[in-house]
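Report on one structure; see the data block that follows.
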Amino acid sequence: MRNIFFFIKVYFNLIIFLLLQAISIYLIVHYNRYHSAVTTAYLSEVTGKVNTQYNKVEYYLQLKKTNDSLVKANEQLYNKLKADFDLPDTVSKIVIDTMKLDSLQPYRKYRYMNAKVIYNSVAMENNFIELGRGATGGIKKDMGVINTNNAVVGIVTDVSNNYAIVMSLLNKDSHTSVKLKKSGEYGTVVWDGQEPNVLTLKEIRKSAKVVKGDTVVTSGLGLIFPYGLLVGTVSEIVPDKSSNNLFIKIRSAANFYSLQYIYAIENLKKEEINKLLENAKKKAQ
Amino acid sequence: MSTALKHIVRFIVFILVQVYVLDKVHIHYMITPYIYFLFILWLPFNMKRSVLMIVAFLLGITLDSFRHNPGFHAAACVLIAYIRPFLINLLIPQEGADTNYQEPSAKSLGGFGPYATYIAILALVHNAWLFLLEAWQFANLWYFLVKTLLSTIISLLLILVTEIMFTRKQKFRTNTV
């Protein structure tokens, strides 16, 4: 204790100096949008580098689990192959004209890009995932993120050159538009900040037919996720006495404890749709 | 006039001149004429270093408040207040000179040369730290260097004019403090 006082006495001026500088710099970063943006980008580059190193070890230890999930994903894909389906004899063969017409040509709306998870939190009130792929790799703000089993993980919120930050579903600011697969009711999935892997489904009316075990999928209404990606399964239904809605707990389809690889989804038609929406808004005014 | 009152008046005058005169002057988009920090350079020798820094912080934060952008000038002022005593110790001609005179000037530092060095170094440090904080990165090094240098030259010219226009009376005090 005496040594501490002695230390303070000797370095009193230096401590005052550093303290006042720290206050000034805090004020600068706090009140300036530009300064805080640059700082965030810089810090995420630095923490990204550290997290990459740490993740190398963790990744090695989890190789087996990762492998299992990749095998599962492969299995799903194999089951979707055309070669698995035999056409019955009675059906005539469909031939598509090789000449391409604009109106028939399907266009690509979503593109998937894989990325490595280098940092992932589940224990905080607002959880984030950091990806080892950033703006130079084509990741953009507001892209949807799913895991290898097509289950929703979150949305990209910040991008630096080589890293990206994903706001996971386990975040109090996260709102995802979803649909009950069976009954077709639309709702919103949020997180109450308590238990990881347990989410809350809001805005489902009491008249809706919901059973335990029902699948909840993305609605495809927003511009972020395509329709039909898994979000979770209903685990508990409580009627909310104060309103006309049900209070539904769902178990998330993605396991946030063991994320190693994810896919980021780019909506290629987003700008076009946004433009259209803006025009419509202008007309309405 | 008591010393404290003199410094309070100086504080107000420097801030008002800086905010309502010099900030309106736009020589070039690169250059801002700064003179308000002369207040710190004129503070008395016998002021404690920690007090010096707190006064400097107050000066900086006052200017920042007028510009609605807190932190920048406060940081720069605290930095020059911190290194001021080091510099005075290096430049002061002989031991005890700082008890003969009240505050730094060409007379008390023993000539125009040391005093000019004192002013120039602190002005340079002030501007460099200020512009560095404003840029917040080393992306445009040449721009930063040129801006610092030009602003410092303008500051020095302003200080020279001020020293000529407002000569401070420097009483020689005996060594019986």
Side-chain angles (χ1 to χ4, degrees), chain A residues 1-52 130 132 134-137 139-141 157-165, chain B residues 36-37 39-40 43 45-89 122 125-141 143-144:
Chain A
M1 202 64 196
R2 228 180 63 207
N3 284 336
I4 293 173
F5 283 126
F6 184 69
F7 178 82
I8 290 173
K9 210 174 167 188
V10 169
Y11 291 104
F12 183 67
N13 286 321
L14 187 65
I15 289 169
I16 293 267
F17 169 66
L18 291 177
L19 190 74
L20 290 175
Q21 285 286 326
I23 292 171
S24 310
I25 287 169
Y26 169 77
L27 288 172
I28 291 171
V29 175
H30 189 76
Y31 286 102
N32 285 279
R33 200 166 261 271
Y34 163 74
H35 287 76
S36 66
V38 171
T39 313
T40 318
Y42 175 72
L43 286 182
S44 63
E45 283 286 320
V46 173
T47 53
K49 270 176 198 148
V50 177
N51 285 331
T52 315
E130 198 167 353
T136 44
I139 303 282
K140 286 173 198 155
K141 215 183 150 191
T157 54
D158 283 294
V159 182
S160 69
N161 275 343
N162 299 308
Y163 301 98
I165 305 285
Chain B
Y36 76 102
F37 59 83
F39 171 78
I40 299 167
L43 284 172
F45 283 121
N46 60 2
M47 208 171 202
K48 261 191 178 174
R49 214 159 152 198
S50 46
V51 181
L52 204 65
M53 280 189 281
I54 289 165
V55 170
F57 183 77
L58 286 178
L59 179 78
I61 208 84
T62 312
L63 185 62
D64 285 328
S65 317
F66 276 109
R67 295 189 159 193
H68 305 288
N69 230 348
F72 295 101
H73 298 89
C77 286
V78 170
L79 182 66
I80 56 172
Y82 182 67
I83 56 177
R84 197 189 96 134
F86 287 121
L87 214 56
I88 288 177
N89 275 341
L122 288 184
V125 168
H126 171 273
N127 287 341
W129 188 232
L130 180 68
F131 297 145
L132 193 64
L133 285 175
E134 277 177 359
W136 205 240
Q137 53 193 352
F138 282 111
N140 208 338
L141 195 64
Y143 176 79
F144 166 70

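Chain identifiers are assigned alphabetically (A, B, ...) following the order of the sequence lines, protein sequences preceding nucleic acid strands; residue numbering begins at 1 within each chain.
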- Query: Can you name the nearest heavy-atom pair linking Gly71(B) to Ser24(A), along with the distance?
  - Reply: O-CB, 3.3 Å
- Over all heavy atoms of both residues, which pair between Met53(B) and Asn13(A) is shortest? Give the atoms and the distance, please. CE-O, 3.2 Å
- Query: To the nearest 0.5 Å, what is the distance between OG (Ser50(B)) and CG (Leu20(A))?
  - Reply: 10.0 Å
- Query: For Asp64(B), what residues pass the side-chain hydrogen bond (donor to acceptor under 3.5 Å, both in side chains) criterion, not counting sequence neighbours?
  - Reply: His73(B)
- If you round to the nearest 0.5 Å, how far is CZ of Phe57(B) from CD1 of Ile16(A)? 11.0 Å
- Query: Which of residues 44-51 of chain A have a heavy atom under 4.5 Å from any heavy atom of chain B?
  - Reply: none
- Message: Measuring from atom CG of Leu27(A) to atom CZ of Phe72(B), what distance do you get when rounded to the nearest 0.5 angstrom?
- Response: 10.0 Å
- Task: Go through the atoms of Ala56(B) and report whether side chain, backbone, both or neither lie under 4.5 Å from a heavy atom of chain A.
- Result: neither
- Okay, Phe12(A) and chain B: the region with an atom under 4.5 Å from a heavy atom over there is side chain
- Note on the structure: Hits for side-chain hydrogen bond (donor to acceptor under 3.5 Å, both in side chains) against Tyr26(A), two or more places apart or cross-chain, chain-then-number order -> His30(A)
- Message: Measuring from atom CD1 of Ile61(B) to atom CD1 of Ile23(A), what distance do you get when rounded to the nearest 0.5 angstrom?
- Response: 8.5 Å
- Query: Going from CG on Leu52(B) to CZ on Phe17(A), what distance comes out if it is rounded to the nearest 0.5 angstrom?
  - Reply: 12.0 Å
- If contact means a heavy atom pair closer than 4.5 Å, which residues of residues 126-134 of chain B contact chain A? Trp129(B), Leu133(B), Glu134(B)
